[in-house]
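Heads up, the thing below is written out as structure tokens.
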Amino acid sequence: MRGSSSHVLSLLEEAENKERKHIMVHVMDSPGENHLPRVYIQDASGHEGKEVEVQGWLANKRSSGKVAFLLIRDGTGLMQATAFDGDYFNRDKLKSFKAVPLESSVIARGKVKREERAPGGYELELRDFRLLHAAEEYPIQKKEHSVDFLMERRHLWLRSSSQHAVLRVRNRVMMTIHAFLQERGFTLIDSPILTPAACEGTASLFEVPYFDLGHAYLSQSGQLYMEAAAMAFGKVYCLAPTFRAEKSKTRRHLTEFWMLEPEVAFADWVDNMELQEKLVSHVVQEVLEKSREELETLGRDTRLLEKVSPPFPRITYEEALEILKKKEFPISWGDDLGGDEETAVSEDFDRPLFIHHYPASVKAFYMQPDTEKPELVLNDDLIAPEGYGEIIGGSQRIHDLALLEQRLEEHRLPREAFEWYLDLRRYGSVPHSGFGLGIERFTAWVCGIQHIREAIPFPRQIYRMYP
RNA sequence: UCCUCGGUAGCUCAACGGUGGAGCAUCCGGCUGUUAACCGGAGGGUUGCAGGUUCGAAUCCUGCCCGGGGAGCCA
């Protein structure tokens, strides 16, 4: 592989001739000619003093007359490659690095060296550099952009360190949830995406044509199916996309988002809250421990996250009203709590806050009323601190057939569509409870980002379907 | 659907009734340890669209289009 630096130069000349468009070169030489171990950047420290090959993209570059710095990104990390005027590169050839466009795909070979001045503590002393594909001028620059500009280029924005960090945390959240529930005997049961009718009857639904049966609707919750599954498997959950055709235009809403929905048979509303606080605490602590680097990249102040451990403070809806009245909110019994109200109440607490026992009139038809005060239901909302709002909504479900029938009528829901659901109350009905956790809201809170659209790889919003 | 803010160079913004500028990006040149590197030079504009007021409009008025933030709804 000697003479490879002239290889760079020739490629660049070729690029100039073609006005730097779409240069593809063969990467693999005849096997065995240069058999360097291909190393991922996150593992580079284990190869100190050895010659390795790194495959990636050019994230940034700097140079002076006799030294060039090439910052390479490979998905696992960032590594600086250095080239000097010396044995492997002369001054002219160093100059040619300046012409390699950002985000070009490259293969770099050299010796791994410990270097305090390099980002990450290690750098690659470059001996050979290959341009796999010379990028066109990269639209996302090193200085700031508007969110709109970046969202139009979401497919490229994913490469930036902040977005990379958020989605790595999301990955950690998802995997930790699965592990937590699996270890506790839960079975993953996938709910259908195409459904025949509204689960809760209130929110608007996305409608899709469905052969001779007319229309299907994209699922807005897997809960009713989870209730069926809980009667078969005891402890179940789904973690799946959810669709809401509401014209919500806020930082807390997406039209397509992912929701975790556990459901447990023989569990009451208190068991339900205990499961929620254990799950939330465990996931937060796992992210703090195993995704610390990502949180640092995001500049997340983790002091409040460190405090997230059971038990969470619990107040009733009526106690929440008292707090709001002291803060001079114009609210009266029977009103639902909006985002501003939730934030105002949660400000008094330094941990996630349960608000339970809401008026039945503002909640879904399937929620179990309190025996003493039947105008209240055995539900809970979990409000994240720092203004991130509701991340969980949960409740004990109605197990009595007659009561559920009555509720369907009151909510004017088509009974036919719910016959199967009523069956669950005909054949061995039991008290049972469950909840829904919004993955993007949770991830946004843990990451400390302002808008949940960055917490999903390709957000769907009312005015955005691209890319 | 409602409230509110905005649309000027490739990007982020300034100019707020009197000849459209800056930083970054791009191109050219310089620099031996850079960290969103730095220094010098060059090119780059139908000010979202349509109409109106005015001697004169990016700027004021009307309508439309597009987007941001928020409300409602909820995860």
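The sequence lines fix the lettering, A, B, ..., with proteins before strands; numbering per chain opens at 1. Predicted, not measured: the structure shown is a model, and the values here were computed from it. Values below: all heavy atoms of this structure, side chains included; hydrogens, waters and symmetry mates excluded.
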Exercise for the section: When you get a sec, tell me which of B/rC74, B/rA75, B/rC11 is the closest nucleotide to the side chain of A/R252? Expected result: B/rC74
Problem - B/rC11 base / A/R153 side chain donor-acceptor hit below 3.5 Å - result: no
Handout entry: Among B/rA25, B/rG33, B/rC73, the one nearest A/F84 by side-chain distance
Key = B/rG33
Practice task
Verify whether one side chain among A/W258 and A/E440 offers a donor that lies under 3.5 Å from an acceptor in the other.
Solution key: no
Practice task
Among B/rU34, B/rC73, B/rU32, find the nucleotide with the atom closest to the side chain of A/K66.
Solution key: B/rU32
Problem - Closest nucleotide among B/rA75, B/rU1, B/rG68 to the A/K247 side chain - result: B/rU1
Handout entry: Protein-nucleotide distance (A/E123, atom CD; B/rG33, atom P), rounded to Å
Key = 13 Å
Practice task
Measure the distance from CD on A/E137 to P on B/rG10 and round it to the nearest whole Å.
Solution key: 11 Å
Fill in the blank from the handout: Any stem touching RNA chain B, meaning at least three consecutive Watson-Crick or G-U pairs under 3.5 Å, ordered by first number, would be B:1-7 with B:65-71, B:10-13 with B:21-24, B:26-30 with B:38-42, B:48-52 with B:60-64
Exercise for the section: Check every atom of B/rC24, B/rC31, B/rU12 against the side chain of A/Q141 and return the nucleotide holding the closest atom. Expected result: B/rC24
Practice task
Kindly indicate whether the side chain of A/S248 and the base of B/rC73 share any N or O donor-acceptor pair separated by less than 3.5 Å?
Solution key: yes
Handout entry: Strand contacts (RNA chain B) in residues 331-341 of chain A, 4.0 angstrom heavy-atom criterion
Key = A/D336, A/G338, A/D340
Problem - Nearest-Å distance for atom pair CG/P, residues A/L102 and B/rA25 - result: 10 Å
Handout entry: P atoms of B/rG63 and B/rU26, separation to the nearest Å
Key = 43 Å
Practice task
Look at A/R464 and B/rG67 and indicate whether a side-chain polar atom (N or O) is within less than 4.0 Å of OP1 or OP2.
Solution key: no
Problem - Pairs meeting criterion salt bridge (charged side-chain N to carboxylate O under 4.0 Å, His left out) with involvement of residues 456-467 of chain A, two or more places apart - result: A/D148-A/R464, A/E152-A/R464
Practice task
May I ask you to say whether A/D85 pairs ionically with A/K95, meaning some side-chain N is under 4.0 Å from a carboxylate O?
Solution key: no
Handout entry: Rounded distance in Å between the C1' positions of B/rG18 and B/rA57
Key = 10 Å
Practice task
Supply the atom-to-atom distance A/F243 CZ to A/T195 OG1, rounded to the nearest 0.5 angstrom.
Solution key: 10.0 Å
Handout entry: Residue closer to the 5' end of RNA chain B, A/K363 versus A/F69 (nearest nucleotide)
Key = A/F69
Exercise for the section: Using a 4.0 Å cut-off on protein heavy atoms (strictly under), produce a 5'-to-3' string for nucleotides 38-43 of chain B with B for base contact, S for backbone-only sugar-phosphate contact, and - for none. Expected result: ------
Completion exercise
Ranking A/E390 and A/S64 by the position along RNA chain B of their nearest nucleotide, the one closer to 5' is A/S64
Fill in the blank from the handout: Output for pair (A/E390 CD, A/S346 OG), nearest 0.5 Å, gives 11.5 Å
Problem - ring pair (Phe, Tyr, Trp, His ring centres under 6.0 Å) pairs, two or more places apart, involving residues 343-364 of chain A - result: A/W269-A/H356, A/W269-A/H357, A/F312-A/F354, A/Y317-A/Y358
Problem - Listed nucleotide nearest any side-chain atom of A/R62, set B/rU34, B/rG72, B/rG69 - result: B/rU34
Problem - Euclidean distance, A/K111 NZ relative to A/T82 OG1, rounded to 0.5 Å - result: 12.0 Å
Problem - Separation of B/rC74 C1' from A/F442 CZ (nearest whole Å) - result: 19 Å
Practice task
Taking atom C1' in both B/rG21 and B/rC3, compute the distance separating them and give it to the nearest angstrom.
Solution key: 35 Å
Exercise for the section: Mind telling me whether A/F442 and A/W445 have parallel, tilted or perpendicular rings, with 30° and 60° as the class edges? Expected result: perpendicular
Completion exercise
Which of B/rC11, B/rG33, B/rA75 is nearest the side chain of A/K113? It is B/rG33
Fill in the blank from the handout: Closest to the side chain of A/F149, out of B/rU34, B/rG69, B/rU12, is B/rU12
Practice task
Please tell me if the side chains of A/R159 and A/R73 come closer than 4.5 Å, counting only heavy atoms from C-beta onward.
Solution key: yes
Problem - Distance-only donor-acceptor test (3.5 Å): side chain A/Q461, base B/rG67 - result: no
Exercise for the section: Taking atom C1' in both B/rA9 and B/rU47, compute the distance separating them and give it to the nearest angstrom. Expected result: 10 Å
Completion exercise
Residues passing the salt bridge (charged side-chain N to carboxylate O under 4.0 Å, His left out) test with A/E375, sequence neighbours excluded, are none
Handout entry: CZ on A/F329 to CG on A/D340, rounded to 0.5 Å
Key = 6.0 Å
Exercise for the section: Consider the side chain of A/S146, meaning its heavy atoms from C-beta on, and name the nucleotide among B/rU1, B/rU12, B/rA75 that approaches it most closely. Expected result: B/rU12
Exercise for the section: Report yes if a side-chain nitrogen or oxygen of A/H145 is closer than 4.0 Å to either non-bridging phosphate oxygen (OP1 or OP2) of B/rG10; otherwise report no. Expected result: no
Handout entry: Whether A/F180 and A/H282 hold their rings parallel, tilted or perpendicular, with breakpoints at 30° and 60°
Key = tilted
Exercise for the section: May I ask you to test the A/Y237-A/M226 pair for a side-chain heavy-atom distance under 4.5 Å? Expected result: no
Problem - Qualifying residue, where the test is side-chain hydrogen bond (donor to acceptor under 3.5 Å, both in side chains) with A/Y122 and the options are A/H47, A/Q80, A/R114 - result: A/R114
Exercise for the section: Can you figure out which of B/rG68, B/rG33, B/rU12 approaches the side chain of A/Y463 most closely? Expected result: B/rG68
